[in-house]
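Per chain, numbering begins at 1; letters A, B, ... match sequence-line order.
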Amino acid sequence: MSESVPSLADEVVLELAGVSRRFGTNVANDKVDLVVRKGSVHAVVGENGAGKSTLMKIAYGQIRADEGSIRIKGRQMPIAKHNPMKAIELGVGMVHQHFMLVPPLSVAENVVLGREPLKGLVLDLDKAAGELQALSEKYGLHVDPTAIVETLSVGEQQRVEIIKVLWQGCDILILDEPTAVLTPLEVDQLFDVLRGLVAEGVAVVMITHKLDEVVALADDITVMRRGKVVDTLEGQGASVESIAQAMVGRSVLLQVAKAPANPGEDVLVVKALSALGQSGLPALRDVSVTVRAGEIVGVAGVEGNGQSELQECIVGLRKPTSGTVAVNGQDWSGMHVAERYRSGLAHVPEDRHARAIVLDFSIADNLILGRHREFSKGPLIDREARAKEAEARIADVDIRPADASVHAGTMSGGNQQKIVIARELNRPANAILVCAQPTRGVDIGAIELIHKQVIAARDAGLAVLLFSAELAELQSLSDKLIVLYGGEVALRMDAEELAKEGARAKIGAAMTGASASQESA
Amino acid sequence: MTKRGNELFLQVYGVAVALLVAMAAGSVLILIFGQSPANVYGVLLSKTWGNAHGIGQTLFKSTPLIFTGLSVALAFRAGLFNIGCEGQLLVGSFACALVGSALPMSTPALLAVPLAIAVAGLAGGALGAIPGALRAYTGSHEVINTIMLNFIASAAVLWAGNRFFFVEETTHTAEIVSTAELPSLGISGSALNGSFFLAFACAGLFWVLMDRSRRGFELRAVGLSPLAAENAGIDVRRSIVVAMTLSGAIAGIVGANFVLGYKHYFEEGLGRGMGFMGIAVALLGRNNPIGIIFAALLFGTLSNGGLEVNAFVPKELIEVLQAVIILAVAITSATTQRALAKGGAS
Amino acid sequence: MSDVFGAVFSVYFLAQLVRTAAPYVLAALGGTISERSGVVNIALEGKLLVGAFCCAVGAIESGSATVGALCGILGGMVVGWLYGLAVLRFGADQIVSGVAINLLALGLTRYLLKLFYGSTANSPPAPGFGDSVWRNVLLYVVIGLVLAFQFGFRRTRFGLRLRAVGEHPEACETLGLSVLRIRWMAVLIAGGVAGLGGAWLALDNHAFVANMSGGRGYIALAAVIMGSWRPKYVALACLLFASAEALQVVMQVAKVPVPREFVQSLPYILTMVAMAGLIGRSRAPASLGKPHERG
């Protein structure tokens, strides 16, 4: 549809030049340039951790750049003095990935917060409500100004965020992963709204990693990888394939040496599993998947489509509403987490910092976390056994620094993840490995080692269920693949199909619900 | 190694700054009372550590603080805040005195003393278990619940005492049987008694539990990261209840010092303030048993010294000093922690 | 029983109730505004005590109850400032700092009492309220404050920002609001209002007595929770707690066989039940007790 949106002008409204930002040793943005034109949609694409969000927060003044220049509507902003207040004054508004709305307040209260209209000493919410009404009618953003935000759906809350930014008078709209949490219908509605805004001369900057959206909407495309801009493309004529190539980069298309799988018996059998999510709404519907000994089954999907709930149900952190999880013929339904570990579970959680390690524990203590019964003598921890284990694992996977007393919180992501992998793959009873986002926030060197470890686990006969947001990783490691969409299995592929040309596009389509809606139509 | 050395330096530095601030504030108060700070601090030190009686009394005053400090620290290391020592030591002491006085005269000491101590621990532990269970199973915050329980426990003990147990016309219970008494250590007439060693034993057990045992490993994991603990198969809710129960039990055993070792009966108002002081001791002692013993000695010195300096300045000066130390330590530990976090990130 | 009944509805009882409730209401309003901004307020007890002391000193030295009340407000604000310094400026633990400030207030007021008036038990008689609580201007100030808080939280710019900061400080930060500034305002106002509560105690008693707050700060804290952080319900919770106290006096006179201690404990028991979610839903501001790190 992008051809129906005429470019109003080539007037540049937002310009970032040579922007860099470091967090500790991690370079989030490395001399990044970005040019946004009035009345256009500019997509910033890249895989997780490419530095897109940091860049946008720098533009919005929420994160301070270490160096570089920011120019908004021709005005140079000193990087040290840039802040959200100034950004809003100059017309830059941002809709964060995690909405910045105050849940117990009403829509109107949220919108006016910080720029409240007054009648004497008293808030003039009626006036604001009227203005909101006008805005929402103009752009088709239907929201009730008196509604309490926490009672609204995610899609409605996003409309509140957009209306907030418009009410503030912003005409440069930054959206961070706006479609990550929306249903396909809501995505269509959002795009209609954005097209309307662009037609009015608003500049939209949109972060996303969904390429079909980019092709549908963007006038300009900036591709980021590992903190750098690797390509800039024009929206017209760009294809999903061309963007994907730029995004992943040929050199990083992971070449993993892997013998063909030699699968054995069914080990992990998930049958008709349904579960509620954190919000109490159904998150997993009737999911069945079987993993055999010695094979890796990949699970693809946009974040929030039931992957977390599936992991939690298998591990025992979440109670399914129906369905069963069985391993080697043994029903795991009534078992708590510790029992499952003893019965053959190994688990690499998706949120490493929150779930997998205790940041204030030493390497040695993290290596026995959850296995501390194995390293006990009576009621006491067997310190000698713990020291031996630490020494062995540090050598095994080359954990650095090689000092067992160092706190995990001071280590790099890659080394933290090595601790987790080493701990989980050395459990004595291992039968299945639930492995989620194994290389998220991990440096390249560690990625290779972690991939080798996962394949070695497979070759040793483990049934591996691999969750990843990196399609490339899933493709290169998995022997089979399923795609979750809306809590259901939207697509299943075997090794043969995975190897075929166009497999990636097919997976991508399933992830965005394209095939599901086709089927239902 | 340098990182840990750095950490230790910052912590010692923080405590030193806090003490200096407190001394400076104290000096101002002494000066406006028209006295010489050097003189008052000198008296404070010589009367507490300058002779055998003073040392005995100081150690006696420090004893309950070791218990309450350990109590707060145990909960704290499991990620919980026990402000309920005040109530827990009250019911512990009360129960201890009741059992001690109900025992037959012929009960051998080997049975009577451990029994009385166990009952004190059980009573304190039971009171600690309530906010623990409420936190674990309803999510209601233990800080408010322990504060509320302090008042409820105090009212309940007073009611039960007045109604059933206090000796007529008094606010104390009957004396315990002589075999349940903890012997005085006989340091020139000071009240120091066997419970001092009990406190050290408790500190030792605390160290074994928290730093050497599997249960302690689990409690620390729960305290530092409940989500990671849950993922590791640790029963987080049960750990919370266990931690609060143990914490309450240690506070309950304070009764041994007053009831078994000193007064030989329960008296209304006994041990008041020791629970709150325990927070300070735990904080200053960095939740570590050796640190807690030193912090308890410091606060015990101040408590004992307050009585001695009363001839020059009101003894309330000492309460002010103690409060300033707590506030200053709270501030310096926050600032040093942030300094460490920054050092760790870069 | 009819004696009790009669006594409850007597004018005397009502006056007793109002006199008891007023300092609770003031302290609890202070607690409410502070906690709505996300700052825990264990230090209410200390603010009451310092407020009472400053009020007594001011009233004795000037001979005027009004000056006393103003001194009480000022004293409470100084405590609030000290608390803010610890927890807002330096990010110290809010609970530890609150406990420390309560101990500090207890020791310091007695120390200064001895310094000024040579006694650590009580001050000389101070000017105070007249005989009738109904003709007491402060009573109407209290009622006015409840209404002002209730209205202010909902309908003023500061009230809106206060609520927002307590619930979602990061969101406020992205809008360019200063979280710390709003919390500072809240903590200072809390100090002043609670200080006035202390002043009420001193004026009502015509003197300062050591530890005269006697745990009222903690009851006020309980009332904040019972009233689920909303001024008008907090005030009602204070009335409820105060009536338990007033009732206890009446019941004692009438020799009703309900233990006094049980009635005294009722506010605390009710609060624990409320917190466990057994009566209604009482939800604390989402950021309560968490120090704010600027991004």
Let me confirm one number: the [atom1]-[atom2] distance from [X] to [Y], rounded to the nearest 0.5 Å.
X	Y	atom1	atom2	result
Leu317(B)	Leu115(C)	CG	CG	11.5 Å
Ile225(C)	Met148(B)	CD1	CE	5.5 Å
Leu103(C)	Leu321(B)	CG	CG	12.5 Å
Arg110(C)	Lys315(B)	CZ	NZ	6.0 Å
Leu85(C)	Leu327(B)	CG	CG	8.5 Å
Phe33(B)	Leu112(C)	CZ	CG	9.5 Å

Practice problem: Take the angle between the ring planes of Tyr218(C) and Phe276(B) and call it parallel below 30°, perpendicular above 60°, tilted in between. | Solution: parallel

Part of [X] lying under 4.5 Å from any heavy atom of chain C:
X	value
Val320(B)	both
Ile331(B)	both
Leu134(B)	side chain
Asn162(B)	side chain

Practice problem: Considering only heavy atoms and a distance below 4.5 Å, find which of Ala105(C), Pro267(C), Gly289(C), Pro259(C) pairs most often with chain B. | Solution: Pro259(C)

Quiz item: Do the side chains of Met275(C) and Ile144(B) get nearer than 4.5 Å, heavy atoms only?
Solution: yes

With a 4.5 angstrom heavy-atom cut-off, which part of [X] approaches chain B: side chain, backbone, both or neither?
X	answer
Leu221(C)	side chain
Ile42(C)	side chain
Leu113(C)	neither

Quiz item: Hey, does the side chain of Tyr111(C) reach the backbone of Leu29(B) with a donor-acceptor pair shorter than 3.5 angstrom?
Solution: yes

Quiz prompt | For chain B, which residues of residues 90-100 of chain C have heavy atoms nearer than 4.5 angstrom | solution = Phe90(C), Gly91(C), Ala92(C), Asp93(C), Ile95(C), Val96(C), Ser97(C), Val99(C), Ala100(C)

Exercise. Determine the minimum heavy-atom distance between Lys114(C) and Pro314(B), stating which atoms define it.
Key: CG-CG, 3.2 Å

Quiz item: Given the rule in the side-chain contact (heavy atoms from CB on, under 4.5 Å) test, do Glu316(B) and Leu108(C) qualify, once you have shown the distances and angles that lead to the verdict?
Solution: CA-CA 7 Å; Glu316(B) 283 73 23; Leu108(C) 196 62; over 6 Å; no

